[in-house]
There are 2 protein chains.
Amino acid sequence: MGRKLDDVLEGLGDATDLAGLTAAVYEMRDCYDVEHLVYHSVKSSGDQWAALTYDPTWVEDYTRNNLQTIDPVVLACFNRFTPVDWKRLDWSSRPARALLGEAVASGLGNQGFSLPIHGPSGHFAVFTVNHCSGDESWARFTGAHLNEILLAAHYINERALLIEGVGRGPNPSLSPRETDALTLLAAGRSRAQAAETLRISEHTLRVYIESARFKLGGTNTTHAVANALARGLICL
Amino acid sequence: MGRKLDDVLEGLGDATDLAGLTAAVYEMRDCYDVEHLVYHSVKSSGDQWAALTYDPTWVEDYTRNNLQTIDPVVLACFNRFTPVDWKRLDWSSRPARALLGEAVASGLGNQGFSLPIHGPSGHFAVFTVNHCSGDESWARFTGAHLNEILLAAHYINERALLIEGVGRGPNPSLSPRETDALTLLAAGRSRAQAAETLRISEHTLRVYIESARFKLGGTNTTHAVANALARGLICL
DNA sequence: GCGGCTCTCCCCATAAATGGGGAGGGAATA
DNA sequence: TATTCCCTCCCCATTTATGGGGAGAGCCGC
């Protein structure tokens, strides 16, 4: 493993908040001598936050207009596991072109690639490397450093999850029947169907749902199922 | 990067099916000189498949009894982003102890760690390294090779997704309002409450739920919410 | 400019889920 | 042994969700 990565990871160890993470991102940018680095955590609920080296004006603009909802980079990463080269994306739509134009005007380089990062419970983030150079030297750069950057993105996300406190408190333990009930409901069965599948009366099934809902602190069945799913207590 | 990883990645390039992937896993096991390696993809439908070096009898037993639903390793990985050392898990429950006993009886080593791998659309897999050794030498091994194995897991999953074709079936795209609706329902609101929050009529909200349900192929609201959650289209 | 999609609103009737009771037997645990 | 869960069953009435219609306005891409 290269010395560069080690340096970055060392700097990362001190990061206990967004400022620390940002510092680590800046340090990493200098290590690799690229224009910009971005760790961008996107929640589907619309919230987002980032540790990055972009111009604050651009960030403010991006945030205010919720540009992540039309950003081809974010959208592509959301459906992928493998890195995305910006050049290979579809920038033909009107809002995408506008986005690109504003980005370049704000000091972004012409080259970029982004790594999708998927976490538990639907957590999603993008790690982006941006630079200004010719296609050839850019290809050389990505070829030489992709693995290190992959690892760096992993560790930065690890740190980010720690800071964000994504790891929730301890999960309540569901009884087997409760798990069965919620699993079937999550799979689309109605209460009657689920009861039939489990060969118990619908009344009994209701008791399981109720107690599971109580344990999970859900206000209704859908809430309880969503909670159980997000906590990994059941899986589809 | 070490030669070991390069060897593995080279072998991986030829893998176009499960057999090829399994061959690569065997090759990697020999490279690192450990007892067992496992790539275990747990599909959201409950189906699962794996490329591994375990005893087929044990695999058959595991599969038949759906042991992944009680396997502390799988359950822990599902909620985490960081590697999981088996020794740190809670094996106190009866089924977990039984699982562990059977596993050891089937030739698994006493040491193991597993890497969670989260992909798009709620895809989830576990990459496990298993070995039989003392705590100290095991710690040395993990310290020395964690990064390489992290990368190897990444590339194996990349290959697995390619073979499975998971990456190509993109999620149905929900409209912003549909996302809002499902998010609020997942958070426990009733339709009336959600409509009030969004400042639209409940009738309108229903239309969003309906169309989202249709896009997601859900039989009812709970199913649709569970699907959206599992695919990462919404998050709690 | 047209077609497609999104967003918004409304009607009807029926099916389903919810809330809150009670009760007995069995298994595991402390 | 006593206690604490878990599993199973049933009653009531009420609220809520569902299924299947229709309709107009606005935005965007081709």
Side-chain angles (χ1 to χ4, degrees), chain A residues 46 65-67 69-70 72 75 90-99 172-226 233, chain B residues 70 90 92-98 171-226 233:
Chain A
N65 296 329
N66 277 311
L67 295 183
T69 59
I70 57 154
L75 296 179
D90 174 27
W91 295 94
S92 63
S93 83
R94 177 183 303 255
R97 274 200 308 272
L99 176 77
S173 71
L174 298 179
S175 79
R177 281 314 217 186
E178 288 161 355
T179 306
D180 292 342
L182 292 192
T183 302
L184 288 170
L185 293 181
R189 315 290 180 90
S190 69
R191 297 200 305 198
Q193 290 173 321
E196 194 187 354
T197 302
L198 296 177
R199 295 165 181 276
I200 56 177
S201 79
E202 189 183 333
H203 311 283
T204 302
L205 188 89
R206 272 184 56 194
V207 177
Y208 299 145
I209 299 171
E210 283 285 295
S211 70
R213 186 168 62 83
F214 184 74
K215 285 180 181 175
L216 292 163
T219 60
N220 54 46
T221 302
T222 301
H223 194 193
V225 169
L233 295 170
Chain B
I70 57 155
D90 174 27
S92 63
S93 83
R94 176 175 301 260
R97 274 201 307 271
N171 289 325
S173 69
L174 298 179
S175 79
R177 282 314 219 184
E178 287 162 356
T179 306
D180 292 341
L182 292 191
T183 302
L184 288 170
L185 293 181
R189 315 290 179 91
S190 68
R191 297 200 304 198
Q193 290 174 320
E196 195 188 354
T197 302
L198 296 176
R199 296 163 179 276
I200 55 177
S201 78
E202 188 183 332
H203 312 283
T204 304
L205 188 88
R206 271 183 57 193
V207 177
Y208 299 145
I209 299 171
E210 283 285 294
S211 70
R213 185 168 63 82
F214 183 75
K215 285 180 181 175
L216 292 163
T219 60
N220 54 44
T221 302
T222 301
H223 194 193
V225 169
L233 293 171

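Each chain gets a letter, A, B and so on, in the order its sequence line appears, and its residues count up from 1.
Side-chain N or O atoms of A:Thr222 include none that pairs as donor or acceptor with a backbone N or O of B:Leu185 at under 3.5 Å. A donor-acceptor pair under 3.5 Å is formed between the side chain of A:Lys215 and the backbone N or O of A:Ser173. At least one donor-acceptor pair closer than 3.5 Å links the side chain of B:Thr183 to the backbone N or O of B:Thr179. Using modelled atom types, no side-chain atom of B:Arg213 and backbone atom of B:Thr221 make a donor-acceptor pair closer than 3.5 Å.
Following rounding to the nearest Å, B:Ile209 (CD1) and D:dG20 (P) show an atom-to-atom distance of 16 Å. Nucleotide D:dA17 holds its P atom 12 Å from the CD atom of B:Glu210, rounded to whole Å. Computed from coordinates, the B:Arg191 CZ to C:dA16 C1' distance equals 11 Å when rounded to whole Å. When the C1' atom of D:dG19 is taken as reference, atom CZ of B:Phe214 falls 14 Å away, rounded to whole Å. The interatomic distance linking A:Arg97 (CZ) with D:dC28 (P) rounds to 13 Å, in whole Å. Here the P atom of nucleotide D:dA17 and the CG atom of B:Leu182 are 14 Å apart, to the nearest Å. At whole-Å resolution of the value, CD in A:Glu196 and P in D:dT8 are 16 Å apart. Distance A:His223 NE2 to D:dA17 P: 14 Å, rounded to the nearest Å.
In this structure, CG on A:Leu184 lies 11.0 Å from NE2 on B:His223, to the nearest 0.5 angstrom.
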Legend entry - Base versus backbone protein contacts along nucleotides 5-11 of chain C [heavy-atom cut-off under 4.0 Å; B, S, -]: -SSBBB-
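Pairing each heavy atom of A:Arg191 with each of A:Ile209, the nearest pair is CD-CD1, 3.9 Å. Across all non-hydrogen atoms, the minimal contact from A:Ala224 to A:Leu182 is O-CD1, 4.3 Å.
For A:Glu196, the CD atom sits in a loose shell: 12 or fewer heavy atoms of surrounding residues, nucleotides or ligands are nearer than 6.0 Å.
The C1' atoms of five pairs define one axis at each end of the helix from C:dG1-D:dC30 to C:dA30-D:dT1, and these two axes lie 80° apart (to 10°).
When the side chain to side chain contact (heavy atoms under 4.5 Å, CB included) test is applied to B:Ser211, the partners found at least two apart in sequence or on another chain are B:Glu178.
In this structure, A:Ser211 reaches neither bases nor backbone, as no heavy-atom distance under 4.0 Å exists between it and the strands shown. Using a 4.0 Å heavy-atom criterion, one finds that A:Thr219 contacts the sugar-phosphate atoms exclusively.
Distances shown here put every side-chain N or O of A:Ser190 at or beyond 4.0 Å from the OP1 or OP2 atom of C:dA15.
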